[in-house]
2 protein chains.
Amino acid sequence: MQELKNFIKNTIEFSEQSWGILQNCISEKEFKKNETLLKEGQVCNAVYFVGSGFCKAVFNMDGKEVNTAFYFENSFVTNVKSLTTSSKSEYSIVACEKTKTVQFDKTRLLAAYAESHEIASFGRKILELVTASQEEHSNSFKLQTPRQRFDNLVSNHPDILQRVSLTQLASYLGVSRETLSRFRAVK
Amino acid sequence: MQELKNFIKNTIEFSEQSWGILQNCISEKEFKKNETLLKEGQVCNAVYFVGSGFCKAVFNMDGKEVNTAFYFENSFVTNVKSLTTSSKSEYSIVACEKTKTVQFDKTRLLAAYAESHEIASFGRKILELVTASQEEHSNSFKLQTPRQRFDNLVSNHPDILQRVSLTQLASYLGVSRETLSRFRAVK
DNA sequence: TTGATCCTGTGACAATTGTCACAAAATTCA
DNA sequence: TGAATTTTGTGACAATTGTCACAGGATCAA
């Protein structure tokens with residue numbers, strides 16, 4: 001919760017009054033390793049702020065898991081499409097470690113938007129952040145070769161390498177485990 | 001403009017009053033073929049609603065153009081990251097045909113959010129739509145082979161095939177022009 | 001500690017896609 | 001219209017990545 005307060009303080013204007021209203025929308029939730037924040041097929045009705053630990057987005061492609069995203073400390077996780085259109089999620093969101101989050105309830109948050117412009121701005125900000133990080137990873141697929149994606153990850157997000165298994169990392173980069181293993185061998 | 005009115009009518013609750021406020025934020029803009037809505041290196045300060053025609057997002061990779069998105073009638077175009085963080089755009093947005101748009105001015109729109117919750121909701125809705133379509137294309141790269149991407153495009157968005165040149169389509173699908181040509185040959 | 005299980009490294013080979021070169025077809029514009 | 005330009009099709013070959021198989025290590029629980 002403290003992490004969230006700090007995050008908000010550093011991100012936008014936020015009055016005590018807005019914080020009071022926001023209180024009604026949020027609750028602390030802790031997930032054990034491999035616990036599910038959102039299960040494939042269910043409708044997403046919350047946004048999570050990751051205070052500690054981290055999560056992944058996992059598609060199940062005919063039994064094979066594909067990791068399309070990781071969410072570390074001080075970032076927001078949700079399935080925007082499922083959340084905003086009340087459609088079934090095509091993927092699951094799973095804790096990779098013991099993960100402490102603050103859960104934002106969708107319905108209450110929407111109500112809070114009407115009570116406080118600051119909260120409404122904060123809601124937009126969340127969406128903007130999720131979109132921006134999604135776009136970054138997306139463009140790496142559209143503009144770079146697998147090898148370039150790997151090299152850039154090494155330079156720009158070395159933290160990910162240390163926390164994620166090779167197998168998970170491979171599917172995140174869109175290459176086979178073996179190919180990733182060779183990328184690491186041939187530096 | 002009529003297209004935008006219809007779009008709003010079909011999308012959300014919107015009072016006459018909100019429409020009046022929104023008027024101050026928008027203006028009709030028409031672009032000729034190959035004219036630029038947003039140039040690489042500039043800061044994006046508007047969102048465009050495409051009424052007719054269509055546009056593309058183009059990265060310049062060492063002189064080689066890569067098309068990462070197309071925006072057709074009744075959709076919104078903007079660079080979310082540049083718009084929301086006032087950072088320089090990494091790509092350009094260019095009209096592919098004579099394109100009629102409605103331009104939403106960023107500063108005025110932000111001001112309007114404070115005056116009308118409906119407009120604030122509409123602003124979120126725009127962001128959600130942009131995010132969702134971005135995510136769809138993004139996931140096709142993360143989950144499918146080039147061949148599958150092509151086949152799905154043929155089934156799900158045959159309209160694109162008819163309006164976009166092979167060269168542009170190839171970079172959109174992330175394959176070489178020659179490979180795409182062969183995909184089409186071997187049905 | 002000791003299996004049992006999961007994760008990783010690596011060789012051999014197959015499949016896919018890219019690159020280059022050039023011809024044919026389509027489009028544009030004066 | 002007709003020449004110039006751009007776009008597309010295709011063959012040959014190279015490069016990249018995937019798949020399969022198996023061995024060695026690491027990890028975890030009893």
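Quick note on labels: first sequence line is chain A, next is B, and so on, each numbered from 1.
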query: To the nearest angstrom, how far is B:Phe150 atom CZ from C:dT17 atom P?
result: 12 Å

statement: Of D:dA21, C:dC20, D:dT7, the nucleotide closest to the side chain of B:Ser165 is D:dT7

statement: From CG of B:Leu173 across to P of C:dT17 the rounded distance in Å is 11 Å

- prompt: Of the candidate nucleotides D:dT17, C:dT17, D:dT8, which contains the atom at the shortest distance from the side chain of B:Leu166?
  reply: D:dT8

- prompt: Under 4.0 Å between a side-chain N/O of A:Thr179 and OP1 or OP2 of D:dG18, yes or no?
  reply: yes

task: Can you figure out which of D:dT8, C:dT10, C:dT8 approaches the side chain of A:Arg184 most closely?
output: C:dT8

- line: From CG of B:Leu169 across to C1' of D:dT8 the rounded distance in Å is 13 Å

message: Other residues, nucleotides and ligands only: do more than 12 of their heavy atoms fall within 6.0 Å of CD on A:Glu13?
response: no

query: Given atom CG of B:Leu180 and atom P of C:dT19, what is their separation to the nearest angstrom?
result: 14 Å

task: Ignoring backbone atoms, establish whether B:Ser181 has a side-chain N or O less than 4.0 Å from OP1 or OP2 of D:dT10.
output: no

Sugar-phosphate, base or nothing in reach of B:Ser176, heavy atoms under 4.0 Å: base

message: Between A:Ser138 and B:Gln134, do the side chains contain a donor N or O and an acceptor N or O under 3.5 Å apart?
response: no

Spacing of B:Lys64 atom NZ relative to C:dT19 atom C1', expressed in whole Å: 9 Å

query: Counting side-chain heavy atoms from C-beta on, which of C:dT8, D:dT10, C:dT17 comes nearest to B:Arg177?
result: D:dT10

message: I'd like to know whether the aromatic ring centres of B:Tyr48 and B:Tyr71 sit less than 6.0 Å apart in this structure.
response: no

query: Within this structure, what is the NZ-to-P distance between B:Lys33 and D:dT6, rounded to whole angstrom?
result: 12 Å

- request: Taking all heavy atoms of B:Lys125 and all of B:Ile12, pick out the closest pair and write down the distance.
  value: CE-CG2, 4.3 Å

- request: Measure from CD on A:Gln148 to C1' on D:dT17 and round the result to the nearest Å.
  value: 15 Å

query: CH2/B:Trp19 to NZ/B:Lys5 distance, rounded to the nearest 0.5 angstrom?
result: 5.5 Å

query: Which of these nucleotides, D:dT17, C:dT19, C:dT10, is closest to any side-chain atom of B:Arg182?
result: C:dT19

field: Candidate nucleotides C:dT10, C:dC7, C:dT17, ranked by approach to the side chain of B:Thr145 - the nearest
entry: C:dT17

message: Measure CD/B:Glu178 against C1'/C:dA21 and give the value in whole Å, please.
response: 10 Å

